[in-house]
Amino acid sequence: MDLHQLVKEARKNSTAAQKCLFDFYSGSMMLVCCRYLKDRQDAEEMMLNGFYKFFSSIHSFQYKNDAALYSWIKKIMVNECLMFLRKKMAFAIISGPAPEDQVFHDDVLHKLNAEDIFRLVLELPAGYRTVFNLHAVEGWEHKEIAIALGISEGTSKSQLNKARKLLQKILVSKGMIHEQRKTN
Amino acid sequence: MSNGKQTNEHEWRHNFLTWEKGLSGDGEKNDVLWERLIVRLQVSGKKKAAYFVWAAAALLLLSGLFFLWKYPSFSGQMYSGTFKTRSHLINSHLPEKQVVPGSAWMEKPAKQKTTIKTTGASPDLPAVEQPVVIGLVGVDSLKIATIIPSAQSKKIRVVHMNEWFSPPPPVFAKSKEEEEAPYKPSVWPGKNRRMSPPSSNN
């Protein structure tokens, strides 16, 4: 499937080309939206909003390669999800500090398969999940996350720290990893 | 060690993103979502078309107004033409003396005396040229009435006082002599009685 040709046809408002692009990217974009929103109906709505914006602004997109097209669509989806989360004020900090003596590194996740990681991320609360998705999965810096979410850089770092500790707790509870404690 | 951890971190992230990118949508569910999306796209397309139509209509209106503002004589010519015909009608019924010089829509007479010689009571006194004061004499409205077409004038029927409450006479075809004869009050049976003054005997 030549995506460049499909983009050209979609610019001419070709319904067939638009459907091909939608069928090609809908699966992965649905997963991206679910990773941020958890609720399937909200994720479908944000995905449709994202595709609507994509087809509306396809004239301003300059095709370089397939990876650039995928990155552009994914960026639109992530922005839609973040706008929805900001409206819903979903960045409430959970009271109760996580245990300090537990050590967690993201590299623990390499032992898990992608589907398990996805399910694991969904178990996190909205605020932790968003920061974890943006930093650990998308690779955003804390400065970028702070600007996108309207929070401070310090809050972003603390949210990420708490998200990791909660993941540790979940993994231990499920027996996926052994509990690791700090050695003084 | 730290390099190993970073490598592991990058590895699981790369694997996860690769797995996420390769997923395709659910067939039936995808069709339902596509139907919702295409309706939204078509509605927005119709809205855009409507905006273009309104913009074109507004542009036409503005260009028409601009044309009228820039070239007012186009409509002015028609207006003055109407005035010219009316003034021509008025002028033809007015005496020459009533022509008002300096008015916007009446023509000046070719020659106009501005002074007249007046003679005094005694022939010995020299004739003094006095200026003629040309006042702003307006058009005599009574004269204008003469140009009213006869079809608009109201016909007045003269009725004798004996016939005040009588119905109008029937209209029959008149002979040529009757048409040419002067008007006479109609003869109505029962109404042809003279109003005689009361006698002094009674």
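Every chain is numbered from 1, with letters handed out A, B, ... down the list of sequences.
- Interface remark: Tyr25(A) contributes no atoms to any contact with chain B (heavy atom separation under 4.5 Å).
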Would Lys29(B) and Glu44(A) count as a side-chain contact (heavy atoms from CB on, under 4.5 Å) here? Give the steps.
CA-CA 10 Å; Lys29(B) 192 73 180 177; Glu44(A) 284 176 357; 2.7 Å; yes

Do Val137(A) and Trp12(B) pass the side-chain contact (heavy atoms from CB on, under 4.5 Å) test, and can you show the C-alpha distance, the side-chain angles, and the key distance before you say yes or no?
CA-CA 9 Å; Val137(A) 180; Trp12(B) 79 259; 4.2 Å; yes

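- Shortest non-hydrogen contact noted between Phe22(A) and Asn30(B) is CE2-O, 3.5 Å.
- With contacts defined as side-chain heavy-atom distances shorter than 4.5 Å, the pair Ile117(A)/Trp19(B) does not qualify.
- Proximity to chain B (any heavy atom under 4.5 Å) is shown, for Tyr52(A), by both the backbone and the side chain.
- Heavy-atom neighbours of Glu141(A) CD from other residues, nucleotides or ligands within 6.0 Å: at or below the threshold of 12.
- In summary, Asp31(B) and Lys19(A) engage in a salt bridge, as defined by a charged side-chain N under 4.0 Å from a carboxylate O.
- The greatest number of non-hydrogen atom pairs below 4.5 Å with chain B, out of Glu138(A), Met29(A), Met30(A), Glu45(A), is found for Glu45(A).
- Taking every heavy atom of both residues into account, Gly139(A) and Arg13(B) meet most closely at CA-NH1, 4.1 Å.
- In this structure, the portion of Met47(A) lying under 4.5 Å from any heavy atom of chain B is its side chain and not its backbone.
- Inspection of non-hydrogen atoms places Leu33(B), Trp34(B), Arg36(B), Leu37(B), Ile38(B), Arg40(B), Leu41(B) of residues 33-41 of chain B under 4.5 Å from chain A.
- For Asn49(A), the parts lying under 4.5 angstrom from a heavy atom of chain B are both the backbone and the side chain.
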Could you go through Glu20(B) and Arg35(A), starting from their C-alpha distance and side-chain angles, then the distance that decides it, and tell me whether this counts as side-chain contact (heavy atoms from CB on, under 4.5 Å)?
CA-CA 10 Å; Glu20(B) 192 178 70; Arg35(A) 187 151 54 82; 2.8 Å; yes

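- With sequence neighbours excluded, no residue forms a salt bridge (charged side-chain N to carboxylate O under 4.0 Å, His left out) with Lys157(A).
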